[in-house]
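Written below as structure tokens is the structure these notes are about.
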Amino acid sequence: TIRDINKQLAWSLPTEGPKTLNGLILEQLESFPDADGVSLAIGEYQMEVIDLQDNRINSVKACQINR
């Protein structure tokens, strides 16, 4: 869950709305990505979809953007 990610990494991804990273990314994209490699920023975090399967994001590369 997003709460677990925030706790483990000391991040502050939004916790209102979707409860999972998959849900948060799909909400931000407003659709299911067509291919691997789609990138987006959510607040101060950069996300890259690494693996898609059966209308689900299986793997994401994520990092905090240095500001």
With sequence neighbours excluded, tell me which residues meet side-chain hydrogen bond (donor to acceptor under 3.5 Å, both in side chains) with [X].
X     : value
Glu16 : none
Thr1  : Asp4
Ser12 : Tyr45

Output for pair (Thr15 OG1, Ile2 CD1), nearest 0.5 Å, gives 7.5 Å
Spatial distance of atom CZ (Arg56) from atom CG (Leu26) [nearest 0.5 Å]: 11.5 Å
Non-neighbouring partners of [X] that pass side chain to side chain contact (heavy atoms under 4.5 Å, CB included), sequence neighbours left out:
X     : result
Gln28 : Leu24, Leu40, Ile42
Ala41 : Gln46, Ile65
Ser59 : Ile50, Asp51

So, do Ile57 and Met47 sit near enough that their side-chain heavy atoms are less than 4.5 Å apart?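 When only atoms from C-beta onward are counted, Met47 and Ile57 do not touch, as no gap falls below 4.5 Å.
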Answer yes or no: are there more than 12 heavy-atom neighbours, outside Lys19 itself, under 6.0 Å from its atom NZ? yes
Filter on ring pair (Phe, Tyr, Trp, His ring centres under 6.0 Å), then keep only pairs touching residues 15-36, sequence neighbours left out; what's left?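 Counting only pairs at least two positions apart or across chains, no ring pair (Phe, Tyr, Trp, His ring centres under 6.0 Å) contact touches residues 15-36.
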Minimum heavy-atom separation for Gly37 to Glu48, with atom names? CA-OE2, 4.0 Å
